[in-house]
**Q** 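To start, I am sharing the structure in question, which I have written as structure tokens.
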Amino acid sequence: MFAHSAFRVRRACWLSVIGILLVLGGCAEEPSTLERVQAEGVLRVITRNSPATYFQDRNGETGFEYELVKRFADDLGLELKIETADNLDELFASLNKPNGPVLAAAGLVESDGRQQHARFSLPYLEVTPQVIYRNGQQRPTRPDDLLGKRILVLKGSSHAEQLAALKLQLPELAYEESAAVEVVDLLRMVDEGQIDLTLVDSNELAMNQVYFSNVRVAFDLGDAQNLAWATAPGEDRSLLDEMNAFIERAHKNGSLQRLKDRYYGHVDVLGYVGAYTFAKHLQQRLPRYEKYFREAAQANQVDWRLLAAMGYQESLWQPTATSKTGVRGLMMLTLRTAQAMGVSDRLNPKQSIEGGAKYIVYVKDQLPESIQEPDRTWFALASYNIGGGHLEDARKLTEAEGLDPNKWLDVQKILPRLAQKQWYSKTRYGYARGGEPVHFVRNIRRYYDILTWVTQPQLEGSQLAESNQHLPGIDKRQPNEQTPPL
Ligand code: BLG
């Protein structure tokens, strides 16, 4: 009797094992998301058209999310196809469509309310939600100060979720959500006084502060949160595992940090005051000299935005600027350089810009062949500032340290030593303020990046932004209507 039932149990077990194998066999026939994507050779990604995520600049598609996800696609050997959603609800809806995009890379905060619409990857960026107000208004400092204010946030955003949670404690809190706007619109509306307050993530403010000189941070609403990529919810982890492995690699090999520095680092370098001062000068000063920068750039075959960035670093675009050392003008030419470049009046902005353009090309040509782009441009800037002799001294010291004298990253570490006797006494040209070119190059690179974002292809040939219609992301074109890269 026992033996019989034991046999039956064993037989039942075997049957269920066979059943499981059949089920597994059945599953194996259904390809995983990763297998499907690999068979198609295309990674379809949904994002938002905004400066902190994805937009078009002169060189084509760009943006933090775009660059990161492009690297992921390249690693998998896939072609990247970007689609944009008009709002967050649409973005999550597309992600959940059976034949829709498989990944959302859109500056998404991994929030509780989103767990049923998406599965999130490992985090790649920490951001803080910030309440934004207009300079000149009374600064709100705590949640109670939000009462009675006109507040607008993106519909379906983590900020809307935060305000909904806050409303449970502060029932009088009133706010609106809009699906028709992007972060840049919210900031513009605060900047222009159309609304009192909005909430955006710190990275988005960092990216946009340079366009809006009146927006200020009131206070951080809550703790830092994680941005992550998302896939459709469900059991299939095949793509998610690849995403996580990629993000882990990007953390480890430093590429994520470099991307963060490039997009968001200017606030660390300029500070918020520097960023909104830049925004003001971009509107008030640059338009007066933009034509000269473009003409000089064309005549000397350099990027006009690099010249403009140099001019901002040198003089904040002020033609009568004078340094303590008697260097003068918009591009801060020494008397010797001015004479060598045929500049008779250093205070004349057109002449100064032309002289500066000629000189940067000249010093770049003097650099050894062994220095390749993009480092070559950074070395040329350093030489413009400190002179070729001192730069050569720093390169020699760099080599003596076992570092690479052809890499800006290495030479910039050594340059400050030119101001220390134990080091400069060993050099040919002696003492120099070696820290100055390090700041000089770092700042110019930031300004250059910012100018790249604000000068859109459709702007070419026209004057620089005086109104926000020129800003990336504000003009919500569909992907198939986007201006082709120049
Ligand atoms: C540069 C010259 C270089 C020169 C170096 O000084 O000026 N560049 C220009 O005139 C464009 O030609 O190199 S050298 O010819 O090999 O000697 C070194 O003398 C200018 C720099 C100096 C700097 N700004 C352009 O970047 C300056 O003004 N520093 C002083 C700052 S402060 O006011 O004292 O704080």
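Both counts, for ligands and for their atoms, begin at 1 and track the order of listing.
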**Q** Okay, side chain of H159, backbone of L152: is any donor-acceptor separation there less than 3.5 Å?
**A**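 Side chain of H159 to backbone of L152, a donor-acceptor pair under 3.5 Å: no, none is there.
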**Q** Check ligand 1 against M332 and write out every atom of the ligand that is under 4.0 Å from a heavy-atom position of the residue.
**A**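 Near M332, the atoms of ligand 1 are 9 (C), 10 (O), 11 (C), 20 (C), 25 (C).
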**Q** To which protein heavy atom is atom 23 (C) of ligand 1 closest, and what is the distance rounded to 0.1 Å?
**A**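 Going atom by atom, the protein heavy atom closest to atom 23 (C) of ligand 1 ends up being E436 OE2, 3.5 Å.
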**Q** Distance-only, no hydrogens or angles: does the E65 side chain make a donor-acceptor pair with backbone N or O of G107 under 3.5 Å?
**A**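 The answer is yes, because a donor-acceptor pair under 3.5 Å joins these two groups.
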**Q** Got the closest protein heavy atom to atom 9 (C) of ligand 1, with its distance?
**A**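 Result for atom 9 (C) of ligand 1: T337 OG1, 3.5 Å.
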**Q** Does the ring center of F64 lie less than 6.0 Å from the ring center of Y54?
**A**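 Centroid separation for F64 and Y54: 6.0 Å or greater.
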**Q** Just wondering, are more than 12 heavy atoms of other shown residues or ligands nearer than 6.0 Å to NZ in K149?
**A**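 Buried by this count: over 12 neighbours within 6.0 Å.
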**Q** Going by the atom numbers of ligand 1, which of them fall below 4.0 Å from some non-hydrogen atom of E314?
**A**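 Selected atoms, number and element: 24 (N), 25 (C), 26 (O).
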**Q** Using 30° and 60° as the class limits, which term best fits the ring planes of F278 and Y447: parallel, tilted or perpendicular?
**A**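 Answer is parallel, since the angle falls under 30°.
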**Q** Any non-hydrogen atom of R336 lying under 4.0 Å from ligand 1?
**A**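 For ligand 1, residue contact (heavy atoms, under 4.0 Å) with R336 is present.
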**Q** Does E392 come within less than 4.0 Å of R395, counting only side-chain N to carboxylate O?
**A**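 Yes, charged N to carboxylate O under 4.0 Å.
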**Q** Between S202 (side chain) and V127 (backbone), is there a donor-acceptor pair under 3.5 Å?
**A**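 Pair absent, no side-chain N/O of S202 close to backbone of V127.
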**Q** Tell me if the aromatic rings of F120 and W229 count as close, with their centers under 6.0 Å from one another.
**A**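 Distance test on ring centres: not under 6.0 Å, no.
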**Q** Using 30° and 60° as the class limits, which term best fits the ring planes of Y362 and Y359: parallel, tilted or perpendicular?
**A**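 Ring orientation of Y362 relative to Y359: parallel.
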**Q** Would you say the side chains of Q372 and N406 form a donor-acceptor pair under 3.5 Å?
**A**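 Result is no, nothing qualifies.
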**Q** Closer than 4.0 Å to some heavy atom of R433 - which atoms of ligand 1 meet that?
**A**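 So the answer, numbered in order with elements, is 31 (C), 32 (S), 34 (O), 35 (O).
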**Q** What is the closest protein heavy atom to atom 16 (O) of ligand 1, and at what distance does it sit?
**A**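 Answer for atom 16 (O) of ligand 1: G387 CA, 3.4 Å.
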**Q** Residue-level breakdown please: for H390 versus ligand 1, do any non-hydrogen atoms fall below 4.0 Å on the side chain, on the backbone, on both, or on neither?
**A**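 Neither part.
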**Q** Can you tell me how the ring of Y384 sits relative to the ring of F440, calling it parallel under 30°, perpendicular over 60° and tilted otherwise?
**A**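 Judged by the thresholds at 30° and 60°, the geometry between Y384 and F440 is parallel.
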**Q** Does the N300 side chain pair with the main chain of A296, one donor and one acceptor, at a distance under 3.5 Å?
**A**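 Flag set: sc N300 to bb A296 pair under 3.5 Å.
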**Q** Would you kindly specify which portion of Y359 sits under 4.0 Å from ligand 1, judged on non-hydrogen atoms: side chain, backbone, both or neither?
**A**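 The answer is the side chain of Y359.
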**Q** Using a heavy-atom cut-off of under 4.0 Å, does the side chain or the backbone of V327 touch ligand 1, or both, or neither?
**A**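 The answer is the side chain of V327.
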**Q** Enumerate the atoms of ligand 1 whose separation from the nearest heavy atom of I386 is less than 4.0 angstrom.
**A**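 Ligand 1 atoms under the 4.0 Å threshold to I386: 5 (C), 18 (C).
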**Q** Pull out every atom of ligand 1 sitting under 4.0 Å from any heavy atom of L333, numbered as shown with elements.
**A**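 Answer, ordered by atom number: 10 (O), 11 (C).
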**Q** Checking the N or O distance criterion of under 3.5 Å, is ligand 1 in contact with S383?
**A**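 By distance alone, the answer is no.
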**Q** Can you pull out the closest protein heavy atom to atom 2 (C) of ligand 1? Residue, atom name and distance to 0.1 Å, please.
**A**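 Result: Y384 O, 3.4 Å.
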**Q** Within the 4.0 Å heavy-atom shell around T325, which atoms of ligand 1 are there?
**A**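 Close to T325: 28 (O), 30 (C).
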**Q** Counting non-hydrogen protein atoms only, what is the nearest one to atom 28 (O) of ligand 1? Give residue, atom name and distance.
**A**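 Its nearest protein heavy-atom neighbour is S323 OG, 3.2 Å.
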**Q** Going by a strict under-4.0 Å cutoff (protein heavy atoms only), does atom 35 (O) of ligand 1 have a neighbour on the protein?
**A**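 Flag for atom 35 (O) of ligand 1 set to true, protein heavy atom closer than 4.0 Å.
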**Q** List every atom of ligand 1 that sits less than 4.0 Å from any heavy atom of F440, numbering the atoms from 1 in the order shown and giving each element.
**A**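 Matching atoms, with element in brackets: 26 (O).
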**Q** Can you pull out the closest protein heavy atom to atom 5 (C) of ligand 1? Residue, atom name and distance to 0.1 Å, please.
**A**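 Of every protein heavy atom, N385 O, 3.6 Å lies nearest to atom 5 (C) of ligand 1.
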**Q** Give the residue, atom name and distance (to 0.1 Å) of the protein heavy atom nearest atom 7 (O) of ligand 1.
**A**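 Residue, atom and distance for the closest contact: T334 CG2, 3.6 Å.
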